Structure formats: C-alpha cells, structure tokens
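Remember, it's 1-based here, ligands and their atoms both numbered in the order they're listed. Just so we're clear, the structure is a prediction, and the values are computed from it rather than from any experiment.
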Amino acid sequence: MENTCRVPKWVLVFCMVGFLCSGFIQCGVTYDKKAIVINGQRRILISGSIHYPRSTPDMWEDLISKAKDGGLDVIETYVFWNVHEPTEGNYNFEGRYDLVRFMKTIQKAGLYANLRIGPYVCAEWNFGGFPVWLKYVPGISFRTDNEPFKMHMERFTKKIVNLMKSENLFENQGGPIILSQIENEYGPQVKELGAPAYKYMTWAANMAVETDTGVPWVMCKEEDAPDPVINSCNGFYCDAFTPNRPYKPTLWTEAWSGWFTEFGGPIYQRPVQDLAFAVARFIQKGGSYFNYYMYHGGTNFGRSAGGPFLTTSYDYDAPLDEYGLIRQPKYGHLKELHRAIKLSERALVSADPTVTSLGSLQQAHVFSSETGDCAAFLANYDPKSAARVMFNNMHYNLPPWSISILPDCRNAVFNTAKVGVQTSQMEMQPSNAEIFSWETFNEDLSSLDDSSAFSAPGLLEQVNVTRDTTDYLWYTTSINVGSSESFLHGGKLPTLIVHSTGHALHIFVNGQLSGSAFGTRENRRITYNGDVNLRAGANTIALLSVAVGLPTSYTTRHFETWNTGILGPVALHGLDQGKWDLSWAKWTYQVGLKGEAMNLVSPTGISAVEWMQGSLIAQKQQPLTWHKAYFNAPDGDEPLALDMSSMGKGQVWINGQSLGRYWTAFASGNCNGCSYSGTFRPPKCQLGCGQPTQRWYASYGWL
Ligand code: GAL
C-alpha cells in the first residue's frame, strides 16, 4: 500500500478517525518494498539494542526513556535462552531475566520492540546463548538439520512466542513488538555447509512464521531467507546491501556503534561522525530501519561473558555508557541525525531516490514524492578532502567523508561530520563508602580428594565434567620419585610440560603454586613449560584449569564441539628415566573451588568458614584466596564501580550478586588513536594500551 490516505473518500473518514482496520487499511504490522508498515503507515524506524540481562531492572525505565529522548522508535533485544532455561524444562523469568517486564517498560515508554529470539544469538554471550545442557542431549548437533536440535529450538521459540502472546505483547494485540528474529547470521553457514544447512534454515523460517505472531520475521545476515521472512544486514556499513526480493524493505538490524573488548586487548571506539555517515548513507540508498548495536551495551554479570576472554564490561562505546549515562558527543550527535531523518520521513517513504553526480566523489540522493515532499542527501565520499558542491543552484560545503541532510531539498539541517555537541568526560570519583575490615580465606589445597572428587584414567574435557557450573576444574595426580634421581642430588630440575586447550592454567606441586599460563581469545590453547620441585617419594601434581567464557562464535561451525581444559599431553622431562608421560595416568577430578561449594559468596554461606583478619595489602597474596569486606553503602544514587586494579584474576560479588569476572590483564596492541582504515572499515580507534583492559566493575543495583 503506497499511501493509506490516497483511497476513496469514504475510506478517508476511517483514516481520520485513527486508522480503524478495514479491507482497505491494513492493521498490524506488514511490509512493502519501502518500509515496515505499521497500521497502514510506512515508517522510517530508528532502533537501538539494549539487552535486558546486561543491566538491572531498576535501570530499564531510565535507559529506555533516554533512548526515546535520543530519537529512537524501537528497542531491539536478543532473548537469552541459557538464562531462561538453565536446566532443561526449568524456566527463569525473574529479576534481570524478566523479559515481560522489559517489554512492558518499552511499551510504557511508547516505543516499539524488535524481539530477536534466535535462539542462537552470538552476542558475546556465554555459549552464544545456548544452555550448556543442550550440548548433552543425545544425538544433538547445533544449528543444522538435526531432529533433537530442531525439537528444542522449536520448543523454546514457541515458549517465548506464547509468553509474549499471553501478555498481549505483539503489536496486533496492542503490544510493542513489531518485528521478531529467528536464527542469527546463518548465511555464512549455508554457504559453507550447503544442503543440510539450507534445509535447516528453511525449516527455521517456516517454523517461525507458523507461530503466527502477526508481525514480520527477520533473519539477520541470511541472504536466502525464504518469503515472507525479511533478510537484514549487519556490519559497520550497510549501504551496499539489498534485500533478496524486490518487495522486501531494506533493514539494518546491527549498525555497530563501537566494539566489544577482550581481557588483554585495547578499548575500541567508533567516532560518531563515521557512525552517522554510515547511517545517512544507508538511508539515502533507501534503507528504512536501522538499529544501533549497541545503544546501551551494559555489563556481563556473573559468568555470562562469552569467550574465551571477553570482558565483564560490554560498554561497546555505545551512546549510553555501561552505567547508563549519556555519552557525548555520540548520543547528542545521533539525536540530531535522527531529527533530520524524521524531518525527511514523508519523502523517504514515498519515493525512490534519484541519484545525481555532484563531482567525482560527490553525489546527491533526492527523494521527491508526488505529494510535493522533497528531501535530499548530499554526500562527499572523499575521506580526505572537503568539497564545495552545487545543488539546485545553491552552494553547499561538504566536509570530507560526510553527508548533509536537506529535509526540504534546500536547507542543510545536519551534516554527519559537523559535531555541535560538547564532549563529555566521565571521571570516577572516590566514594565515601567506608570499608570496615578485610578478611581472607585460603582455599585448602592439601585435601583435594574429598567426597565430590572422582578418578579416571587419562585427561577429561573440562566442560564435559563441570557442565559449566563453574570456571574451575582440578586435575590431580600422584607420582613416586625414587631417591636416587640425580636432580635430587644437585642435578637439573625436571620440567613439567602441560598442553591445555584453554583457557587458563595454574600448576601446584605438593600444594605450592609452581606456575601459571594463560591463553588469549585468538589463541586459547596454552602450553606450560616450567621446572618443578619434586621430592623423593610421593608427590602431588594438581593442575587447576580455568575456563574464561565459552565460545560464542558464528565463524566456526559447531562451536559447541570446541574443547576446554587439559587434554594433554602432560609429561615430566629430565628425570633419569627420560620423559614420563602422565597423560594416561590416574587423574582425580574435582569440580570447582571449595569456597564455591560452600557458597561463601552468599550472605548465608559466608560464615561457613573461619576467616582470617588482616589488611588486604599487608597479607602475602596466596594463590586461591577469598577476600571479603563489609562496607557502608555510599551516599547518593550515582552509578558505582569497584576499582579492581590491585587484584589479579577472579570473580567479585556484592551482597551475593556476581559483578562478573575480573582480570587485571594489561591491554597490548598499538594505540595510535584513530586512523583511517579503508572504505568498508570504520576508522580504527584503539585506546588504553599499557593499562588494564578493565579496571572498573559496575556495582549498581547490588547495594
Ligand atoms: C554480530 C552478531 C552479534 C554480535 C556482533 C559483534 O555479528 O550478530 O550478536 O556478536 O557481531 O558484537
């Protein structure tokens, strides 16, 4: 439908009384080649991702209202299967996982929602959003034409759809949801895996459509998406994207506003000028829906960060920072961009652009409707030089790599490179929280074989044993060393070599820390090679393997099959007998740390052990130490963060709630500010080299 009010006069009456539905005016949400159509009206929709478990419910209203003030129409969120169904058949929609409350908060603000059910989400979220138990369903293979997988995917998708329906949350029920997504970035898999992948993708699309939500389904980055599902784009730029059918609208479901960080890596930023340029370029080509991924990134609380090695902060350089504060000039400049786009909306939805050249690297895109609306976008693609162009007999100055928006085809109300908004500088100030006492509890390393431990010949894969209930798995073995060994009489010490598939490793010999090794996100495998102090007789070698987030990746097929933990070989070298391979020795396994088993972090479990008094600084740092302190909540309601820069690696809780994993890993890399990196990449901006990647840990909501 081109224009709802260009219909016979008697229908016009209906138009005026507010789009009552009839055979002529379509109610609910549909689409055509130009746009998503809501209650008969084509819309240019401006959207932003806010993931509900990455903030606290107390923050949602404020985040959504700031998003609305920033000019957004839609909030996009993934649905995170693994938090909703932590064990098979047992659901959790409480607290940060209260999806219904989040949707109703969006609705209350008068915004729309795009519900990306997935249920594969990637999202830098542990295991890409899949519950770990799913991996252990007999005969399962993820994201392919596999019956057990499809059965569970369909069951969960329907669970969410039915929950939304039962709360009247779809648009045609009066709710906020105007779009839904099934799967995520499946296109590369279809290319790589061929027929079975294509079959699965088609099944997923049909299964979704059959749930009959009354709103269109989207597949992000899936150029084969079958009708009526809309294929959408993601990336730093999406102006080269066209949907797979001429009757589908051009949607950009992930416009990357910044980037995520990994422990040991720099902080990435995306200049708002470039982001605004990318958005304007998408709109001038006829795009009608774009979504900032992320608008508010937030925090990966607990062990929700994916991996390996993604940071607890998911700030993402988004317009709203991790704490929900407005980041300027990003927020304000985009707000002005949105205003300019909205002023052009009528022309944008009614006409296709006419493109004319204004110079070798300059163009005009003009949208001019039959009803007299006219909007123009004047673009200068030259990354280095400004241009003075002539358009409709007027001169316009275009800075390098910029687009001016003329909502009336005359007055440039906005240029993507001209930032008028002041820059804000967030600074952490010490709070007046008074810390009373530091107390410690050392993990007991001497008695590993307690009742929960078990033994097996050889080395076991970590997640198969822990089922990801903890980051930690102990591998312990015992060796007998003869008293005639030459190293005991002044010779060279033997060396222990441990090969691990990741992610971090501590070696204890006879209860003493002997060494550690860490992987990286790019190379999670580690090899430890170090001298070991053995004694004549029995020796205990205890290897503590530490997982730092399960993979999320879409680039590798079947990431669920990636191994974690020590799979060997493990060998002692330099003994009189030569190499002693321990890979097939009897190993004793213990899942998790003692303090975890005793739930020391909970207000009830905290008194289960004798804590040692003493100042944190004064104590010799033991490996595997629990630290606790009491403090008075500081005054005021400003966001709070904990400075963890004096600590090593671990997890931190306040009042029983996990703030996430911390690690004082220093950012390596080349931090030369921002440099131009080619037409299809945003300028590369890296910060923070030589500093801990993450020093501050968001503590809001837990006091
Ligand atoms: C996309 C993916 C998102 C997120 C993003 C990077 O490809 O769909 O879930 O992982 O990359 O932040």
Side-chain angles (χ1 to χ4, degrees), residues 47-54 75-83 114-130 142-143 179-192 201 204 217-223 225 230-238 241 251-263 265-270 275 278 289-300 304-320 322 521-522 549-557 559 680-682 684-686 693:
S47 174
S49 286
I50 301 178
H51 294 156
Y52 52 99
R54 286 177 155 145
I75 304 295
E76 205 178 270
T77 182
Y78 282 127
V79 177
F80 298 85
W81 187 356
N82 52 13
V83 302
N114 178 355
L115 192 67
R116 309 177 84 194
I117 298 179
Y120 167 67
V121 298
C122 192
E124 291 69 70
W125 190 260
N126 198 44
F127 217 34
F130 287 130
F142 284 11
R143 301 179 75 210
L179 290 171
S180 276
Q181 182 176 310
I182 194 76
E183 253 295 341
N184 191 50
E185 294 196 312
Y186 198 69
Q189 306 263 315
V190 174
K191 283 209 180 77
E192 197 184 328
M201 184 277 297
W217 284 90
V218 174
M219 279 183 150
C220 177
K221 197 166 175 169
E222 174 49 84
E223 61 197 42
I230 310 167
N231 64 312
S232 66
C233 184
N234 69 3
F236 288 110
Y237 301 103
C238 273
F241 170 82
L251 316 183
W252 185 3
T253 32
E254 287 182 31
W256 297 328
S257 56
W259 202 241
F260 58 84
T261 48
E262 59 192 81
F263 284 117
I267 308 289
Y268 296 96
Q269 289 188 346
R270 183 172 190 191
L275 179 57
Y289 171 105
F290 60 92
N291 171 76
Y292 298 106
Y293 187 99
M294 300 296 296
Y295 197 74
H296 169 255
T299 308
N300 295 314
S304 65
F309 297 113
L310 294 174
T311 53
T312 290
S313 169
Y314 198 62
D315 179 85
Y316 221 91
D317 193 31
L320 300 178
E322 178 172 8
R521 185 167 152 78
E522 286 66 37
L550 300 187
T552 63
S553 169
Y554 71 91
T555 47
T556 316
R557 60 181 131 132
F559 66 84
F680 292 103
R681 302 294 299 167
K684 203 170 168 197
C685 302
Q686 301 191 166
T693 304

Taking only non-hydrogen atoms of Trp259 and a 4.0 Å limit, the atoms of ligand 1 in range are 6 (C)
Is any NZ, NE, NH1 or NH2 atom of the basic residue among Arg116 and Glu254 found under 4.0 Å from an Asp or Glu carboxylate oxygen of the other? yes
Run the contact test for Trp125 against ligand 1 with a 4.0 Å cut-off on heavy atoms, strictly below, and give the result. no
Does only the side chain of Lys221 get under 4.0 Å from ligand 1, or the backbone, or both, or neither? Count heavy atoms. neither
Which residues pass the salt bridge (charged side-chain N to carboxylate O under 4.0 Å, His left out) test with Arg270, sequence neighbours left out? Asp274
Any donor-acceptor N or O pair under 3.5 Å, side chains Ser47, Tyr289: yes
Could I get the full list of side chain to side chain contact (heavy atoms under 4.5 Å, CB included) partners for Gln269, not counting sequence neighbours? Asp317, Cys685, Leu687
Give the numbers and elements of all ligand 1 atoms closer than 4.0 Å to a heavy atom of Tyr78. 2 (C), 3 (C), 8 (O), 9 (O)
Residue-level breakdown please: for Val121 versus ligand 1, do any non-hydrogen atoms fall below 4.0 Å on the side chain, on the backbone, on both, or on neither? backbone
Which atoms of ligand 1 sit under 4.0 Å from any heavy atom of Tyr316? 6 (C), 12 (O)
In ligand 1, which numbered atoms sit nearer than 4.0 Å to a non-hydrogen atom of Asn234? 1 (C), 7 (O), 8 (O)
Ligand 1 atoms in contact with Phe260 (distance to a heavy atom under 4.0 Å): 6 (C), 12 (O)
For ligand 1, which atoms sit closer than 4.0 Å to a heavy atom of Cys122? 9 (O), 10 (O)
Between Phe260 and Tyr268, what is the shortest heavy-atom contact and its length? O-CD1, 3.5 Å
If I compare all heavy atoms of Leu310 with all of Ala305, which pair ends up nearest, and what's the gap? O-CB, 3.6 Å
Before accepting this row, confirm whether a basic side-chain N of the pair Lys191/Glu223 lies closer than 4.0 Å to the acidic partner's carboxylate O. yes
Quick note on ligand 1: atoms under 4.0 Å from a heavy atom of Asn184 include exactly 2 (C), 8 (O), 9 (O)
